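From a predicted model like this one, the values you see are computed outputs, not experimental measurements.
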Amino acid sequence: MRRVIVAGNWKMNKTAKEAAKFISELKPLVADVKKTGIVIGTPFTALESAVKEAAGSNVKIAAQNMNPNDNGAYTGEISPLMLKDLGVEYVILGHSERREYYGETDKFINEKVKAALKHGLKPILCVGEKLEERENGTTEKVVKEQTVGGLEGISAADMANVVIAYEPVWAIGTGKTASPAQAQEVHAFIRKLLTDLYGAEVAENVTVQYGGSMKADNAFELISQKDIDGGLVGGASLEAGSFAEIIKAGDSI
Ligand code: PEP
């Protein structure tokens, strides 16, 4: 059975010291969480201290981006080898902010997904429509292009290490959450896409998270939906208490 995973995306927040402090606060709050995967996506500069503080616990660490190349003339970039060297396990790829502000295309994101898997990192592939796309009825078209594009050339075996995050862009950081029914509809569509691509057995085992203003008070209802397997959480992952509440909501299902 697929696993519920609750992942925090801190974006450009917290220093290395603040990350260590947060994780030392979070660990006792979630020590008895057994089923639900717990992941925190920190800025590059906090990865090392986060990995150290999380060592031996049920908290795993993610980067929020990555260059697909192993090394070379890519000023300012970080490679999969560098992330592996630090003990990072996951990497968030194709977040809507990277698509929007840094012009990331499905092709480039697909290169990153392949590079992550090649180096034993687990990609969290983000997909989701903008408000105007939802309003003009192209949600499924956009989500299909991003999912199929991001997964091009990824084998069925590799799908065991891929997480997908459905994040409607209009719900990210806005306080507007997709209703559980709205989110479930798109999650079921993604599951169907995965079934068409890889067959039912593989599709049933892929974790598909919801992201977009998930909080302690709406997490349970969202994650209770049949095809919603946890969350990718921005704002509410910045405080250990509220993040722990979301993790526990996921674990109680
Ligand atoms: C995100 O950044 O992936 C996100 C879902 O943010 P928020 O929870 O703040 O909407």
Side-chain angles (χ1 to χ4, degrees), residues 3-66 78-93 95 97-98 116 119-126 161-165 167 172-173 207 209-220 222-223 229-253:
R3 195 164 186 219
V4 169
I5 300 176
V6 176
N9 173 18
W10 283 356
K11 313 192 186 196
M12 199 169 69
N13 293 292
K14 296 194 191 291
T15 62
K17 263 191 197 154
E18 288 166 345
K21 182 170 178 284
F22 177 102
I23 294 167
S24 72
E25 285 168 13
L26 181 71
K27 281 189 297 189
L29 301 178
V30 297
D32 57 352
V33 170
K34 297 280 182 289
K35 290 182 296 177
T36 299
I38 305 170
V39 179
I40 302 177
T42 84
F44 287 131
T45 48
L47 288 171
E48 189 170 10
S49 73
V51 167
K52 271 193 193 137
E53 189 61 45
S57 79
N58 53 354
V59 178
K60 309 298 173 197
I61 303 304
Q64 299 171 16
N65 180 33
M66 186 193 80
I78 303 288
S79 84
L81 292 174
M82 296 167 183
L83 299 180
K84 276 303 278 184
D85 180 51
L86 290 180
V88 169
E89 284 189 37
Y90 289 81
V91 57
I92 299 168
L93 296 174
H95 191 278
E97 287 151 16
R98 297 215 57 89
H119 291 286
L121 291 159
K122 294 176 184 143
I124 300 176
L125 170 65
C126 303
N161 292 313
V162 173
V163 174
I164 295 178
E167 300 205 298
I172 297 180
T207 297
Q209 302 171 314
Y210 168 80
S213 299
M214 185 180 270
K215 300 186 257 336
D217 62 6
N218 61 22
F220 180 83
L222 284 159
I223 303 174
D229 315 313
L232 181 55
V233 186
S237 73
L238 290 168
E239 196 272 311
S242 67
F243 190 47
E245 289 302 309
I246 297 172
I247 294 163
K248 285 181 180 170
D251 207 48
S252 70
I253 291 159

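- Remark: N218 CG to F220 CZ distance equals 12.5 Å, nearest 0.5 Å.
- Rounded to the nearest 0.5 angstrom, H119 NE2 and K84 NZ are separated by 10.0 Å.
- Put simply, the side chain of P43 reaches to within 4.5 Å of the side chain of Q64, judged on heavy atoms.
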*asked:* Is there a side-chain contact (heavy atoms from CB on, under 4.5 Å) between I23 and I61? Walk through the geometry before answering.
replied: CA-CA 10 Å; I23 294 167; I61 303 304; 4.0 Å; yes
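- Between I5 and Q209, the shortest heavy-atom contact is O-NE2, 2.9 Å.
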Could you go through the side-chain contact (heavy atoms from CB on, under 4.5 Å) check for F22 and I40 one step at a time? CA-CA 10 Å; F22 177 102; I40 302 177; 3.7 Å; yes
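- Every side-chain contact (heavy atoms from CB on, under 4.5 Å) that D251 has, sequence neighbours left out, goes to V33, K35, T36.
- Residues passing the salt bridge (charged side-chain N to carboxylate O under 4.0 Å, His left out) test with K11 are E97, sequence neighbours excluded.
- No donor-acceptor pair closer than 3.5 Å links the side chain of N9 to the backbone N or O of L232.
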Starting from the C-alpha separation in whole Å, work towards a yes-or-no answer on side-chain contact (heavy atoms from CB on, under 4.5 Å) for I223 and M214. CA-CA 10 Å; I223 303 174; M214 185 180 270; 3.9 Å; yes
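- Contact detail for E167 and C126: the closest heavy-atom pair is OE1-SG, 4.0 Å.
- Under the salt bridge (charged side-chain N to carboxylate O under 4.0 Å, His left out) criterion, E18 pairs with no residue at all, not counting sequence neighbours.
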Taking distance alone, no hydrogens or angles, what donor-acceptor pairs closer than 3.5 Å link side-chain atoms of residues 46-53 to residues at least two apart or in another chain?
from : atom 1 : to  : atom 2 : distance (Å)
S49  : OG     : A16 : O      : 2.8
S49  : OG     : A46 : O      : 3.4
E53  : OE2    : K27 : NZ     : 3.1

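- Residues W10 and S237 come closest through the heavy atom pair NE1-O, 2.9 Å.
- A distance-only check finds no donor-acceptor pair linking the side chain of Y90 to the backbone of I92 [under 3.5 Å].
- Shortest non-hydrogen contact noted between V233 and V6 is CG2-CG1, 4.2 Å.
- Between T45 and T15, every side-chain heavy-atom pair lies at or beyond the 4.5 Å cut-off.
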Can you give me every donor-acceptor pair (side chain of residues 238-249, partner residue at least two apart or in another chain, under 3.5 Å) with its distance?
from : atom 1 : to   : atom 2 : distance (Å)
E239 : OE1    : S242 : N      : 2.9
E239 : OE2    : G241 : N      : 3.1
S242 : OG     : A236 : O      : 2.9
S242 : OG     : E239 : O      : 3.2
K248 : NZ     : L29  : O      : 3.1

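- Applying the side-chain hydrogen bond (donor to acceptor under 3.5 Å, both in side chains) test to D229 and every residue at least two apart in sequence or in another chain returns R2, R191.
- Considering all non-hydrogen atoms of both residues, A63 and V88 come closest at N-CG1, 3.7 Å.
- Remark: I78 CD1 to N65 CG distance equals 9.0 Å, nearest 0.5 Å.
- Atom CD1 of I124 is separated from atom NE2 of H95 by 10.5 Å, given to the nearest 0.5 angstrom.
- Closest approach of L93 to A116, counting heavy atoms only: CD1-CB, 4.4 Å.
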